[in-house]
Amino acid sequence: EAQVTQNPRYLITVTGKKLTVTCSQNMNHEYMSWYRQDPGLGLRQIYYSMNVEVTDKGDVPEGYKVSRKEKRNFPLILESPSPNQTSLYFCASSLVKGTSGTRGQYFGPGTRLTVT
Amino acid sequence: QKEVEQNSGPLSVPEGAIASLNCTYSDRGSQSFFWYRQYSGKSPELIMFIYSNGDKEDGRFTAQLNKASQYVSLLIRDSQPSDSATYLCAVIQAGKSTFGDGTTLTVKP
């Protein structure tokens, strides 16, 4: 089954404790992206990757790191989480169209993170 | 001004009616345009994408794009109660993806 998987689905942690949220896709998509969704603020892009070893900042990259060492995986790292990073996080992937467009993103199930 | 703006909603239509959802964007360099549907507590799912001016139809859904007016819309014909959800408009330019805040649609039986 074609899918984007995220782990963990739910996480409660404390301020400053490093954590990683994994994202994996089995569709051989070049493009992968991380979003956070907050009430009243909508879906905002954190980082994206057009292909292996290529990553770029989205609108809200502060406090997050990513890496793209393999095509299928795109982990999101919070080196020192803070309460304002409490949110619902989505990973997504897509085929790339032409030189920079995409064909529509497929989203993972989401990770609900609470930082106390 | 937000980069992607949608009707604030909520939008309510009777079953069988046409639902019209609108979106405007500010970046003229935007290349690709998408509509997603998000049910409460679920992840967004892709409905349609459109790249060129004009209409694109897929079943009960029609996306319309007007780059000169920086406007993209989604029409849902023969609306069903199962179409009740939040609809998100998204634009992409060079990989950077921006979503609107969404319009919540309720289809009443």
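A, B, ... follow the sequence lines: proteins, then strands. Residue 1 opens every chain.
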note = Max heavy-atom pairs within cutoff under 4.5 Å with chain B, candidates A:K57, A:Q37, A:R44, goes to A:Q37
task = Report the relative orientation of the aromatic rings in B:F34 and B:F49; use parallel for angles under 30°, tilted for 30 to 60°, perpendicular for over 60°.
result =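 Tilted: the ring planes of B:F34 and B:F49 meet at 30° to 60°.
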side-chain contact (heavy atoms from CB on, under 4.5 Å) between A:V66 and A:M32, intermediate numbers included = CA-CA 11 Å; A:V66 293; A:M32 297 187 75; over 6 Å; no
inquiry  = Taking side chain as everything from C-beta outward and backbone as N, CA, C, O, which of these in A:Y35 sits under 4.5 Å from a heavy atom of chain B? Side chain, backbone, both or neither.
reply    =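 Only the side chain of A:Y35 comes within 4.5 Å of chain B.
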key: Contact class of A:L88 relative to chain B, heavy atoms under 4.5 angstrom   =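 Neither the backbone nor the side chain of A:L88 comes within 4.5 Å of chain B.
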Non-hydrogen side-chain atoms of A:M27 and A:V4 separated by less than 4.5 Å = yes
ask   = Where the side chain of A:R72 meets the backbone of A:N26, is there a donor-acceptor pair that is under 3.5 Å apart?
value = no
query = Where does B:F33 contact chain A at under 4.5 Å (heavy atoms): side chain, backbone, both or neither?
reply =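 Interface part for B:F33: neither.
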